[in-house]
S.K.: 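Let me begin by handing over the structure; questions about it come next.
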Amino acid sequence: MAEGKYEEAAEIARAQVKNGAHVIDICLADPDRDEKEDMERFIQQVVKKKR
């Protein structure tokens, strides 16, 4: 996340779901960053549908 690679991280989460995961444990804790903003941006990337 520190490098802003939200899409790459989201792809890992989507792959886990494709492989049968029912839950994704997302931890973006970093006191040097805006954790709420990071979580919102990441979730948007994870749920984005591919066309």
Side-chain angles (χ1 to χ4, degrees):
M1 294 294 97
E3 296 176 10
K5 296 183 177 179
Y6 292 92
E7 181 56 35
E8 289 89 339
E11 192 57 41
I12 293 169
R14 285 192 291 271
Q16 291 175 348
V17 171
K18 288 177 188 174
N19 287 322
H22 295 273
V23 175
I24 302 293
D25 183 8
I26 301 169
C27 179
L28 300 176
D30 184 341
D32 295 329
R33 296 181 53 86
D34 182 346
E35 296 170 4
K36 182 178 183 284
E37 175 66 23
D38 285 344
M39 184 63 77
E40 289 173 353
R41 288 185 65 192
F42 181 70
I43 294 297
Q44 288 175 3
Q45 289 292 325
V46 171
V47 300
K48 158 174 98 169
K49 296 187 193 276
K50 300 282 183 176
R51 293 183 182 174

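Just so it is clear, the structure is predicted and the values come from calculations on it, not from any experiment.
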S.K.: Quick one: side chains of residues 16-32, donor-acceptor pairs under 3.5 Å with protein atoms, not counting sequence neighbours, listed by atom name and distance.
M.R.:
from	atom 1	to	atom 2	distance (Å)
Asn19	ND2	Ala15	O	3.1
Asp30	OD1	Asp32	N	2.9

S.K.: Got a sec, which residues hit side chain to side chain contact (heavy atoms under 4.5 Å, CB included) with Ala10, two or more places apart in sequence or on another chain?
M.R.: Arg14, Phe42, Gln45, Val46
S.K.: Quick one: list whatever passes side chain to side chain contact (heavy atoms under 4.5 Å, CB included) with Glu37, sequence neighbours left out.
M.R.: Asp34, Glu40, Arg41
S.K.: Apply salt bridge (Lys or Arg N to Asp or Glu O under 4.0 Å) to Glu8 and list each qualifying residue two or more places apart in sequence or on a separate chain.
M.R.: none
